[in-house]
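These notes are about the structure you will find just below.
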Amino acid sequence: MLDAKRYGEWMLVVTTLIAAAGWIFTKEAIQGMPIIGFMALRFIFAAVIIFPLCISTHQKISFSNIPKAVGLGSLQTVQMLFWVIAVSTSSSLGEGAFILSLSILLVPLVVWLLFKEKPLSVFWVSLPIAISGLLFLSLTNGWTFSIGQLWFLGSAIALALYFTLNARLLQKIAIFPLTCIQFFCNAVICSVLSFLFEDWPEAIPLSIWAWFFASVIIATCLRYVLQAVGQKHVNIGNAAIIMILEPIWTLLFSVVFYDEPMPWMKWVGCTLIFVALVIYRGYVFLRTRRSKIY
């Protein structure tokens, strides 16, 4: 029998696998439906599924915090739109996953710029390594960034900003109401944009709907639950290190499903970004653990 800690760790590993599979689900679903419309429907279903949890857990939210939740929901929408546009325009999902993972290293920079809290010293070690990795990824296009890479980078920057502000708002608002409001904001904004700028096909194949519901039920709802269960039993440092596995699984899935080309420059770039994340997350984990011991 697995103890609670090992059980939680395995739940987080499964979470990273599901998150990586979500990239494939999305890529396949948007082959047969408008990309913004896809996001609108995805978050409508997600909001409906999360809403009963707000009631059953008796979690409340004050009216004064609702505008802040809506504002962050709008920021999350921007980040998700950048991401889905990147997925739709890029044939290198694995590469994109590593670029998106740079948001982990951008968070300390955002905190420093917005709240004047200086990053840990290890940040200045990890950041140049990550930038070097990003430059190696650009080598595959002759030292220029492709459109897909730029969208992924924009998504990473928006995600770092969202994560920073959301973490502070979570200190004032319960997680389920905040998540539900943000999902609803995503749904409303994407629905309006899709109505104004997109044309829907007369019929959508059942296979496309299958991929869509996989993205909603498995990659959104199931992932959210498993991640919550895992984080309940695993300390935040360990959890953060395990979550670094997501871009690795995404890269493997992309190679298997889409024959993503992997020239040596891309291998070097992805490896450098991964090393930078491990150095930063590992140092934070060891520092936190040492402070608890002493």
Side-chain angles (χ1 to χ4, degrees), residues 1-26 42 45-59 76 93-94 97-98 100-101 103-105 107 122 159 162-163 166-167 169-171 173-180 182-183 211 213-254 256-257 270 273-294:
M1 295 289 291
L2 292 175
D3 59 26
K5 180 182 177 182
R6 292 284 178 257
Y7 174 76
E9 288 173 345
W10 278 110
M11 286 297 98
L12 290 178
V13 171
V14 173
T15 297
T16 61
L17 279 165
I18 291 175
W23 289 66
I24 306 298
F25 298 159
T26 297
R42 178 176 179 177
F45 279 96
V48 169
I49 293 171
I50 291 293
F51 181 72
L53 296 176
C54 301
I55 300 175
S56 63
T57 54
H58 304 289
Q59 295 185 351
Q76 185 189 46
L93 297 187
F98 276 94
L100 187 63
S101 69
S103 60
I104 296 172
L105 288 177
V107 167
V122 71
L159 181 58
Y162 165 77
F163 184 86
N166 199 57
L169 190 58
L170 277 170
Q171 298 174 11
I173 303 177
I175 187 170
F176 286 128
L178 179 58
T179 301
C180 189
Q182 291 178 348
F183 281 177
W211 289 113
F213 282 109
S215 72
V216 172
I217 298 171
I218 299 175
T220 303
C221 299
L222 180 59
R223 172 194 176 182
Y224 181 86
V225 171
L226 291 181
Q227 185 169 328
V229 171
Q231 289 179 331
K232 180 180 179 181
H233 299 291
V234 181
N235 67 66
I236 189 170
N238 253 349
I241 292 174
I242 292 172
M243 296 304 288
I244 296 175
L245 291 172
E246 180 183 343
I248 296 177
W249 300 135
T250 306
L251 176 61
L252 293 175
F253 287 165
S254 186
V256 171
F257 281 90
C270 291
I273 292 174
F274 179 72
V275 169
L277 295 177
V278 171
I279 290 174
Y280 182 76
R281 287 296 201 184
Y283 178 85
V284 172
F285 169 64
L286 292 175
R287 187 171 183 268
T288 304
R289 189 173 183 179
R290 191 180 299 117
S291 64
K292 286 183 179 179
I293 294 175
Y294 295 103

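Count residues from 1 along the sequence.
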- Message: Does any part of the side chain of Asn166, heavy atoms only, come nearer than 4.5 Å to the side chain of Gln76, both counted from C-beta?
- Response: no
- At what distance, to the nearest 0.5 angstrom, does CG of Leu277 lie from OG of Ser103? 8.5 Å
- Roughly how far, to the nearest 0.5 Å, is CD1 of Ile50 from CG of Leu178? 11.5 Å
- Message: Can you give me the closest heavy-atom contact between Gly22 and Ala219, atom names plus distance?
- Response: CA-CB, 3.6 Å
- For Ser254 and Ile24 the tightest heavy-atom approach is N-CD1, 4.5 Å
- Taking Thr16 for its side chain and Val13 for its backbone only, find out whether a donor-acceptor pair lies under 3.5 Å. yes
- If you round to the nearest 0.5 Å, how far is CD1 of Ile49 from CD1 of Ile217? 6.5 Å
- Task: Among Phe274, Trp23, Phe98, find the residue that satisfies the side-chain contact (heavy atoms from CB on, under 4.5 Å) test when tested with Pro247.
- Result: Phe98
- Message: Are Ile18 and Val14 packed together at the side-chain level, in the sense that at least one heavy-atom pair is separated by less than 4.5 angstrom?
- Response: yes
- Query: Which class fits the ring pair Phe25 and Trp211: parallel under 30°, tilted 30 to 60°, perpendicular over 60°?
  - Reply: tilted
- Item | Heavy atoms of other groups near Phe213 CZ, more than 12 under 6.0 Å | yes
- Task: Find the distance between CG (Leu93) and CG (Leu251) and round it off to the nearest 0.5 Å.
- Result: 10.0 Å
- Interatomic spacing from CG in Leu17 to CG in Leu12 - rounded to 0.5 Å: 11.5 Å
- Query: How many angstroms lie between atom CZ of Arg281 and atom CE of Met243, to the nearest 0.5 angstrom?
  - Reply: 9.5 Å
- Kindly indicate, with the supporting measurements, whether the criterion side-chain hydrogen bond (donor to acceptor under 3.5 Å, both in side chains) is fulfilled by Thr220 and Arg42. CA-CA 9 Å; Thr220 303; Arg42 178 176 179 177; 3.0 Å; yes
- Item | Closest approach of Thr15 to Gln227 (non-hydrogen atoms, all atoms of both residues) | OG1-N, 3.4 Å
